[in-house]
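These numbers come from the heavy atoms of this one structure, side chains and all, not from hydrogens, waters or symmetry mates.
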Amino acid sequence: MSADGAATPLSVLDYLQRQVSGRLRPEDSTWLRYPTPVSGLLGIRVIDAGERSATLSMDVTPAVHGNQQGTVHGGTIAELADAAIGTAHSTVIGEGESFATIELTVRFLRPVWQTTLTAVASAASAGRTISHYRCEIRDDDDRPVAVADSSIITLRGDAADRSGPRARS
C-alpha cells in the first residue's frame, strides 16, 4: 500500500504470475492492460509467464477464424504470436515505459482447422532499447504450425506516454 492507502501496482510479471496461478485478487493491478482488449475479443489466454517469456493459448475454428479456403486465417495465427511476444516483453516493462512491435515475421508450416493453438515466446536477444523474440506455435497434437520472429522497441519518457491520443503536427 502507498502512503495514501491506494494499492501499489504489481510488476507486470508478478501480476501475470498471480493471474496464471489463480491468486490474482480484485484489488491487484499493474500499469499495463490485462487482458488486452484484442486478447479478450479473440479468447487468447495467458498460460504461463516468466521473465522475457510467455505461453499463450487460443481455441480456433474456421467458423470463427476462417479464410476462404476453410482453414484458420494466417492473421489469426500472427496475432497469437504477436500477443505471446508482447506478453513476454511486457514482463520487463517498468512503470512509465511502453513498447511496440517494429517487425514481425511469421513462417506458416501447416494449415490449421479446429484446434487449440499454443504459442511459446522467449527472448532471443535482450537489449536496453531493441529486443528480439522467437515464438513457436503448436496445435493440440503438438505439431508445429508456425514460427515467428519479432523485434520490439522499448519506449521511455515522452515516447512512452499512454495518457491519450497524440496531437498531430
State, yes or no, whether a side-chain contact exists between [X] and [Y] at a heavy-atom distance under 4.5 Å.
X: Val106; Y: Ile137; answer: no
X: Tyr15; Y: Leu32; answer: no
X: Val112; Y: Thr71; answer: no
X: His73; Y: His65; answer: no
X: Val92; Y: Ser131; answer: no
X: Asp149; Y: Glu103; answer: no
X: Ile153; Y: Thr129; answer: yes
X: Leu104; Y: Ile85; answer: yes

From [X] atom [atom1] to [Y] atom [atom2], the distance as rounded to the nearest 0.5 Å:
X: Thr55; Y: Asp48; atom1: OG1; atom2: CG; value: 5.0 Å
X: Ile152; Y: Ile130; atom1: CD1; atom2: CD1; value: 9.0 Å
X: Glu27; Y: Leu10; atom1: CD; atom2: CG; value: 9.5 Å
X: Leu56; Y: Ile44; atom1: CG; atom2: CD1; value: 6.5 Å
X: Leu41; Y: Glu79; atom1: CG; atom2: CD; value: 9.5 Å
X: Asp82; Y: Cys135; atom1: CG; atom2: SG; value: 9.5 Å

Shortest non-hydrogen contact from [X] toward [Y]:
X: Ala160; Y: Ser98; value: CB-N, 3.6 Å
X: Asp142; Y: Arg138; value: O-NH1, 2.6 Å
X: Trp113; Y: Gly70; value: CD1-O, 3.4 Å
X: Ser11; Y: Thr30; value: C-OG1, 3.7 Å
X: Leu117; Y: Val145; value: CD2-CG2, 4.1 Å

Hey, does the side chain of [X] reach the backbone of [Y] with a donor-acceptor pair shorter than 3.5 angstrom?
X: Gln114; Y: Pro62; result: no
X: Thr36; Y: Ser39; result: yes
X: Asn67; Y: Gln69; result: yes
X: Thr116; Y: Asp140; result: no
X: Arg156; Y: Gly96; result: no
X: Thr91; Y: Arg52; result: yes

Please answer: with hydrophobic residues joined when any side-chain heavy atoms are less than 4.5 Å apart, are [X] and [Y] in the same cluster?
X: Val38; Y: Tyr133; answer: yes
X: Met58; Y: Phe108; answer: yes
X: Leu80; Y: Val64; answer: no
X: Leu42; Y: Val46; answer: yes
X: Leu13; Y: Trp31; answer: no

Donor-acceptor pair between Arg45 and Ser57 side chains, under 3.5 angstrom: yes
Exercise: do Thr154 and His89 side chains pair donor with acceptor under 3.5 Å: yes
Arg128 atom CZ, over 12 foreign heavy atoms within 6.0 Å: no
